[in-house]
Structures are given as structure tokens and as C-alpha cells.
Amino acid sequence: MLELSYLREHKDEAIKRLSKRKLQAQTAVEDILRLDEQRRSNQAELDAVLAESNSLSKEIGQLFKEGKAQEANTLKDKTASLKEKSKELQQEQEQIRHALENLLVTLPNTPHELVKEGADAHDNEEIKVVGQKPGLAEGAKPHWELADQYGLIDFELGVKITGAGFPVYKGKGARLQRALINFFLEQNIEAGYEEYQPPHFVNEASGFGTGQLPDKEGQMYHMEKDNLYAIPTAEVPITNLFRDVIIDHEDLPIRCTAYTPCFRREAGSYGKDVRGLNRLHQFDKVEVVTVSKPEASYGILEEMVAHVGGLLEKLGLHYRILRLCGGDMGFTSAMTYDFEVWSAAQERWLEVSSVSNFETYQSNRLKLRYRGEDRKTQLCHTLNGSALALPRVLAALLENNQSAEGIRIPDVLIPYTGFEIIA
RNA sequence: GGAGAGAUGGCAGAGUGGUCGAAUGCGGUGGUCUUGAAAACCAUUGACCUUCACGGGUCCGGGGGUUCGAAUCCCUCUCUCUCCGCCA
């Protein structure tokens, strides 16, 4: 949620930035500011009425104490009209607040200055390309065929016991997946992130805190009986660790990492996009989350991007980094870098990580603040990224490293897998 | 699943209708003392809205009600804990 004070003080800038998303926000922003104005004047009026009513009550109490019941009762009559007035104003206040809130949650985050204006993925900027496309022999296979050939993943079994999009990993496939999780976690810990194991289900308040609710309700699996949501990413439980928290400035930045399965309903996808591991309802991901001071957040974003890039390099994967344009960024993000690895047999880029700075958009909802040196509280910035999402990394590893002898395991993973080749 | 208890400031814990935003202790911060530290002593120490400021207002789990006045009484929801049952 955008900060009201920001809209108030930088109205034109906000509208201009939102236009990078191809969003015409003028009307909404003006409506918000008008409601904000109304709200404040209404509250001033309400405060005055309550102040008078409070002082009358005190007087009445005093009079009763002194045994002047007669005078007290006269004053009592006076409070009746005040009471009515305050009730009226309070109702009005609530209405205005609701209207304001409803409008405010429709506005996405304001893109950072560096973010290019654009409608969709076509306008994303390629920032960096690392490595080269591996030269594969004739007849190279896509990962789902390799997975079948070497008995690594059984998609049919997953359909049988659950449904499409829930693969069963087995044998060296399962071990490779586990090795990747451990490798990523260890690398993240080494880079200063503290490991967490959060719950895989969250309550409504948490879904709201990170912005999945109310707008993306359909994306999450919901357990109606207990009103819990299966997490679509570790971002949700981890960021919510800091909901309603005031952090001392000396403890910032806070860096967390967590491995969790992720659950996404992903309604409406089809075709080659959902083939094999390309898009799943359940997948594994190691996430990194940082809470920082506002002035430090963009430096930290660069650090996180460098760290994620380092992971892909260690795995020897050919990848590129995109800075998303306004229209392709997530609702809550101010700047996002996507990482895509080259899938050699499919001959396409696959997104394996998305690293974002949310500035105060999440912390405003979360009420996540820090106490500065001056003892004042202000909103933190939150950032997160995948480090990394497993299935597509696995897909690229299988495809890019295939040869007549089998699938070669990258050196850095061998200590974790315990084998060098899948043959 | 059954029975009971409870939800108060960073924590512990008082407070059953009127100067209670809330005693007290611990913790935190500043100071006195000390070569330094500890101890002791003194002071200070919640969040939010609004105002240039003075000030005003809101908040004792959430929501509603009674009352001139609610942390305190009533209703309701949520959550937590204890015991029993079941169970990795």
C-alpha cells in the first residue's frame, strides 16, 4: 500500500511514476487525496466534540462527588446532543476510512526512476547476459524426456496421486533436487542470511500483509475449514515474521533465507508453458528476504542481484538478467530484476528468480518500522528474491548437461549429490 | 474431540464504574558515585491520528452494547494456556 503522506507531498511524481505501468492514476490519486482531506477535517471535528464530552464527564463526576446531584443532572442533558453528534461523526469517519482504504489498495507500487515505461514483457530491458548457449548434439532431448529416460521424475504418478502439476521426484532426481536445496541454503547462509523454517500455511492476516490478499486470492490454495492458505512463496511467512514489529536501527539490515515448497493454483496456463517442470502447482524454492533502512535498500538490491547471479554461475548455467518494465512488474514492487536461464533443448529462456525492492509498499501494510538514531519510528524497506526456484534450474541442468554418456552434475553440487553423473 | 482458565505497556504482573495511559518489579536510556566496572541512588522510558505550535483525540485481544463516564459491567468473535482423549 502506498503511503498517504507520499501521495500528499508528491502527487504529480506519483502519477508520473505510475504511468510507467501504463496506468492512468490521476483520478484515483485525486479521489484519494480528497478523501484524505475529508477524513482529517472530519477527525478534527470529532476530536473537538469528544474533548468537550470528556471534560463534561469529568465535571459530572466531580459534582456527584460533591453531592450536587441537581447540577450534575443538568449537565447530563447537555451530553446527549454531543453523544449523538460524535456517533454521527464516527460513522462518517469509518465510511471515509473504508472508501480511502479501498481506493488505496487498488494502486500498485510506484516504479523506481530507472524502471522503463512499458506494457508487458516485450519492454523489459536486458541488463546482462552471462555465459553462452551450450552446443548440444543432434537429437538433444527436453528435460521431461530425460526425466523419463533416467527415471528422475514421474509426472504420471503425480497425476495419479494428486493431479497435473504435482510431479513425483525419485531416485537421483530426488537426490539432485535435495542437493540443490542444500547448496542454495549453504550459499545463502555464507552470504549472511539466517536460515528459517517457517510454516507452510498462513492465516488471512499474513496473506494481507504481503499483498496476496485480497487481490490475488485465486492464486492460493485455501483450506476453508481452518481458513488457512498454502504459501505461494516463502516470502509470505518470512516477511510476516516482521508484521507489527519495530526494529532497532542497529539491527538492520536483517537477512533471512528459507527453503519451502510453494503452492500455486496458476489457473489459466496452458501448452508449452506447463510442459514438464516449466510450471507447476507445487514446487520447491529457496528464498531470500531482506529488511533494510530506506536509504540502503537499492544498494542491497544490487547485492542480492549479484548473489543470485553468483549461484547461477557456480552451476555453470547460461543466464541473463532483465530489469522489468513498469507494466511487467508485480503489483507490489518498485523495481524488479528477473533471472532467466537458457533451456538448451527447449531453446527458450526460463525464469528462475525474481529479485525485487518493495520499498515501503509492504511495510506500510505490515506496520514494519524501525527506530532511528533520533528515536523516531519510520517504515522499513523490504526486499526479496528467489535464490533459487528449483524446477526450472533442474530443467536447465538436465538439458544443458546432457550427452551420450549421461547428464553431468556441476562440480559444486557433487559434494551434495554424492554422484557425478546420471547415466 | 471433551472439560476448564485466561488475553493489560519490551517482559512479568496489579488493577471490578470517575484525575488509569494505567501501580509495582525487571529490562532499556541518561545521570550521580567510581581509575574503570559492578552495586546503589536519581531521572527518564508505549504506539497511532491531528496541529506550524500550544494542544486535542484514539488505543488495556477484535467487534458491538449499557452508562454522563468502561481496562473494569453485558453480548459476541478470535486467539492462547492447562487437564483428559487421540497421535508423529
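Just so it is clear, the values below take in all heavy atoms, side chains as well, and ignore hydrogens, waters and symmetry mates. Letters A, B, ... mirror the listed sequences (proteins, then strands); counts begin at 1.
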Quiz item: Side chain of A:Thr377: nearest nucleotide among B:C68, B:U50, B:A47?
Solution: B:A47
Quiz item: Between B:C48, B:C68, B:A47, which one does the side chain of A:Ile60 approach most closely?
Solution: B:C68
Please state the [atom1] separation for the pair [N] and [M] - nearest whole angstrom.
N	M	atom1	value
B:U78	B:G62	P	15 Å
B:U58	B:A70	C1'	15 Å
B:G4	B:U72	P	24 Å
B:G10	B:A47	C1'	12 Å
B:C20	B:C59	C1'	13 Å
B:G13	B:G17	C1'	22 Å
B:G46	B:G30	P	16 Å
B:C60	B:A12	C1'	16 Å

Gap between atoms [atom1] and [atom2], on [X] and [N] respectively (whole Å):
X	N	atom1	atom2	result
A:Leu100	B:C49	CG	P	13 Å
A:Asn42	B:C49	CG	P	17 Å
A:Arg243	B:A47	CZ	P	20 Å
A:Gln378	B:A47	CD	C1'	16 Å
A:Ile96	B:U50	CD1	P	13 Å
A:Leu63	B:U19	CG	P	15 Å
A:His98	B:G63	NE2	C1'	12 Å
A:Lys367	B:A47	NZ	C1'	11 Å

Self-check item: Note: A:Arg34-A:Glu30 ion pair, threshold 4.0 Å (strictly below)
Solution: no
Quiz item: Does the pair A:Glu420/A:Arg408 count as a salt bridge with the N-to-O cut at 4.0 Å?
Solution: no
Does [N] pair with anything, Watson-Crick or G-U wobble, both distances under 3.5 Å, and if so, with which nucleotide?
N	value
B:C86	none
B:U24	B:A12
B:U32	B:A40
B:G18	B:C68
B:A5	B:U80
B:C60	none

Closest approach of [X] to [Y] (non-hydrogen atoms, all atoms of both residues):
X	Y	value
A:Glu3	A:Thr360	OE2-OG1, 2.8 Å
A:Gly326	A:Val115	N-CG1, 3.5 Å
A:Leu390	A:Val286	CD2-N, 4.3 Å
A:Phe208	A:Arg365	O-NH1, 2.9 Å
A:Arg265	A:Gly218	NH1-O, 2.7 Å
A:Pro232	A:Gln212	CG-CG, 4.1 Å

Self-check item: Comparing A:Arg39 and A:Ser53 on RNA chain B - which has the more 5′ nearest nucleotide
Solution: A:Arg39
Quiz item: What is the per-nucleotide protein-contact pattern of nucleotides 51-57 of chain B, from the 5' end, where B denotes a base atom under 4.0 Å from a protein heavy atom, S denotes such proximity for sugar-phosphate atoms only, and - denotes neither?
Solution: S----BS
Mind listing the N/O atom pairs, protein and nucleotides 9-12 of chain B, below 3.5 Å?
none

Quiz item: Below 6.0 angstrom between ring centroids: does that apply to A:Tyr370 and A:His249?
Solution: no
Quiz item: Looking at the rings of A:Tyr298 and A:His381, which for Trp means the six-membered one, are their centres under 6.0 Å apart?
Solution: no
Practice problem: Kindly indicate whether the side chain of A:Phe242, heavy atoms from C-beta on, has any atom under 4.5 Å from the side chain of A:Ile254. | Solution: yes
Exercise. Indicate, with a heavy-atom threshold strictly under 4.0 Å, whether A:Arg97 touches base, sugar-phosphate, or nothing.
Key: nothing
Self-check item: Reported CZ-to-CG distance for the pair A:Phe201 and A:Leu228, which is rounded to 0.5 angstrom
Solution: 7.5 Å
Quiz prompt | From CG (A:Asp47) to CD (A:Gln43), nearest 0.5 Å | solution = 5.0 Å
Quiz item: Any side-chain N or O of A:Arg369 under 4.0 Å from OP1/OP2 of B:A47?
Solution: no
Practice problem: Assess A:Lys285 against A:Tyr259: is NZ or CZ under 6.0 Å from the centre of the six-membered ring, and within 45 degrees of the ring's axis? | Solution: no
Quiz prompt | Neighbours of RNA chain B within residues 75-94 of chain A, by heavy-atom distance under 4.0 Å | solution = A:Lys76, A:Thr79, A:Lys83
